[in-house]
Amino acid sequence: AAGGIVTTKTLHGHDMADRQFTFQVEALDGTGTTAEENAKRIGIKDGTTGTYRNDKAAKDGETLTMKTDDGNDIEFTAEDIGKTFVYQFSEMGADGQFGTGESKGGYTYDAEIYTVELSVTDDGDGTLTLHTKVTDEKGSVISEETSNETDQKQTVLAFNNSYAGSGVLDGSANLAGTKKMDGPWEATDKDLSGFRFTITGGDEATNAAITAGTVVLPQSVTATSDADGNFNFGDITFNKKGTYKFTVSEVVPAEGDKIPGVAYDADPVTITVHVTDNNDGTLTAELAEDSPELTFTNTYATTKDATFTP
């Protein structure tokens, strides 16, 4: 009988580097077999454990298929009838131990420990059938399948990891703006407080990211100017690298709420933010150098001519 054991690795949220993840196969005692014998059968030449890594890079979400140390199928003969061959497969976790999972540097590791039990039966026609049973750490059966010379199957053990990074654009430093007023505004004895502004996604991709939660806008998307005309929004949180655009606009009051004589600035300002991944679970968000200032200029004009009577 012929069969094989392969492991697959999928990383979500980040591209996978060559040889980034490490796996262990450990031979255990079986029925009529020792751990040492089982280790040699799977290609481990020294001791009862062997390690191997993903042998190539992969894109975000792409699944890599890997074989064990020697990359060979496991061959069985009639002498193996009545015996079981037992192995455990696991991935190195965040703490450097196998099968512990946990997270480090933005990566979450798979804590699954697979126990694989192999046995063969005689088909009575000169061929053997390989029986493969896979259980989890609690002993629950994950899969059972058979394989023979005409229908050779591989047992696939899947390990899935994820990566998540996060970063913040400081609103007080990068999302601060100014309200200005042209015309004889100072003669009115009024200050520049109370003008309102909003921030929204500036393009389709950014709006999609906001909907998906990849980009989180400030808790309040509205800012109000102080007496000197200064305003700023809160922080924007990013959970994925990329280039994002945001549009800041002045809120033009309803007709009955407008300040008499004030023409409001109807031109929105769009800024660009570049977010890079530091590959350690953190992202750096920076305002693009060519992003314009958040300056909004209104115009004030008196509505009546003054009349002097001597």
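Just so it is clear, the structure is predicted and the values come from calculations on it, not from any experiment. Sequential numbering from 1 along the given sequence is applied to the chain's residues.
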Inset, instruction - May I ask you to check whether Thr284 and Asn278 show a side-chain donor-acceptor distance below 3.5 Å? - result: yes
Inset, instruction - Answer yes or no: is there a donor N or O on one side and an acceptor on the other, between the side chain of Asp29 and the main chain of Thr34, under 3.5 Å? - result: no
Legend entry - Note, Tyr107 side chain near His14 side chain (heavy atom, < 4.5 Å): yes
Legend entry - Any donor-acceptor N/O pair, Asp123 side chain to Asp125 backbone, under 3.5 Å: no
Legend entry - Spacing of CG belonging to Asp136 relative to CD1 belonging to Ile142, to within rounding of 0.5 Å: 5.0 Å
Legend entry - Main-chain N/O of Ala57 paired with Arg19 side-chain donor or acceptor, under 3.5 Å: no
Legend entry - Rounded distance (nearest 0.5 Å) linking atom CD of Gln20 with atom CG of Asn54: 7.0 Å
Inset, instruction - For the residue pair Met66 and Val6, establish whether any side-chain heavy-atom pair is separated by less than 4.5 Å. - result: no
Inset, instruction - Please check if any side-chain donor atom of Asn279 sits under 3.5 Å from a side-chain acceptor atom of Tyr163, or the reverse. - result: no
Inset, instruction - Examine distances only and state if a side-chain atom of Asn232 and a backbone atom of Ala176 form a donor-acceptor pair shorter than 3.5 Å. - result: no
Inset, instruction - Compute the centroid of each ring, for Phe296 and then for Tyr264, and state whether the two points are separated by less than 6.0 Å. - result: no
Inset, instruction - Would you indicate whether the side-chain heavy atoms of Thr237 and Ser166 approach each other to under 4.5 Å? - result: yes
Inset, instruction - For the pair Asn239 (side chain) and Gly213 (backbone), establish whether a donor and an acceptor sit closer than 3.5 Å, ignoring hydrogens and angles. - result: yes
Inset, instruction - Answer whether the closest heavy-atom distance between the side chains of Ile5 and Val116 falls below 4.5 Å. - result: yes
Side-chain donor-acceptor distances from residues 195-204 under 3.5 Å, at least two apart:
from, atom 1, to, atom 2, distance (Å)
Asp203, OD1, Thr206, N, 2.8
Asp203, OD1, Thr206, OG1, 2.6

Legend entry - Check: Asp226 main-chain N/O paired with Asn230 side-chain donor or acceptor under 3.5 Å: no
Legend entry - Atom pair CZ/OG1 of Phe231 and Thr178 - distance to nearest 0.5 Å: 7.0 Å
Legend entry - Quiz item: cation-pi between Lys9 and Phe21, 6.0 Å / 45°: yes
Inset, instruction - Write down the atom of Thr8, the atom of Val156, and the distance for their closest heavy-atom approach. - result: CG2-CG1, 3.5 Å
Inset, instruction - Could you verify whether a donor N or O on one side chain and an acceptor N or O on the other, from Thr7 and Tyr52, lie under 3.5 Å apart? - result: yes
Inset, instruction - Flag yes if more than 12 heavy atoms outside Lys258 fall under 6.0 Å of its NZ atom; otherwise flag no. - result: yes
Inset, instruction - Return yes if a side-chain donor-acceptor contact under 3.5 Å exists between Thr243 and His274, otherwise no. - result: yes
Inset, instruction - Measure from the side-chain N and O atoms of Asp15 to the backbone N and O of Asp60, and report whether any donor-acceptor pair falls under 3.5 Å. - result: yes
Inset, instruction - Give a yes or no on whether Glu145 atom CD has more than 12 heavy-atom contacts from other residues, nucleotides or ligands under 6.0 Å away. - result: yes
Legend entry - Gln152/Ser147 under side chain to side chain donor-acceptor pair (under 3.5 Å): CA gap, chis, key distance, verdict: CA-CA 5 Å; Gln152 296 187 18; Ser147 176; over 6 Å; no
Legend entry - Near-ring test Phe238/Tyr244, centroid separation under 6.0 angstrom: yes
Inset, instruction - Would you check if the side chain of Thr129 reaches a backbone N or O of Asn148 as a donor-acceptor pair within less than 3.5 Å? - result: no
Legend entry - Main-chain N/O of Thr31 paired with Thr84 side-chain donor or acceptor, under 3.5 Å: yes
Legend entry - Atom pair CD1 (Ile113) and CD (Glu26), whose distance is rounded to the nearest 0.5 Å: 9.5 Å
Legend entry - Modelled atom types, side-chain donor and acceptor of Thr51 and Gln24, under 3.5 Å: no
Legend entry - Polar side chain donor-acceptor pair, Asn161 to Glu91, under 3.5 angstrom: yes
Inset, instruction - Using ring-ring contact (aromatic ring centres under 6.0 Å, His included) as the criterion, point out the one residue from Phe159, Phe98, Phe89 that pairs with Tyr114. - result: Phe159
Legend entry - Student check: side-chain heavy atoms of Thr155 and Val134 closer than 4.5 Å: yes
Inset, instruction - Would you kindly say whether Glu112 and Asn160 are connected by a side-chain donor-acceptor distance under 3.5 Å? - result: no
Inset, instruction - Flag the pair Phe85 / Phe76 as yes when their ring centroid distance falls below 6.0 Å, and as no otherwise. - result: yes
Legend entry - Any donor-acceptor N or O pair under 3.5 Å, side chains Thr33, Asn38: yes
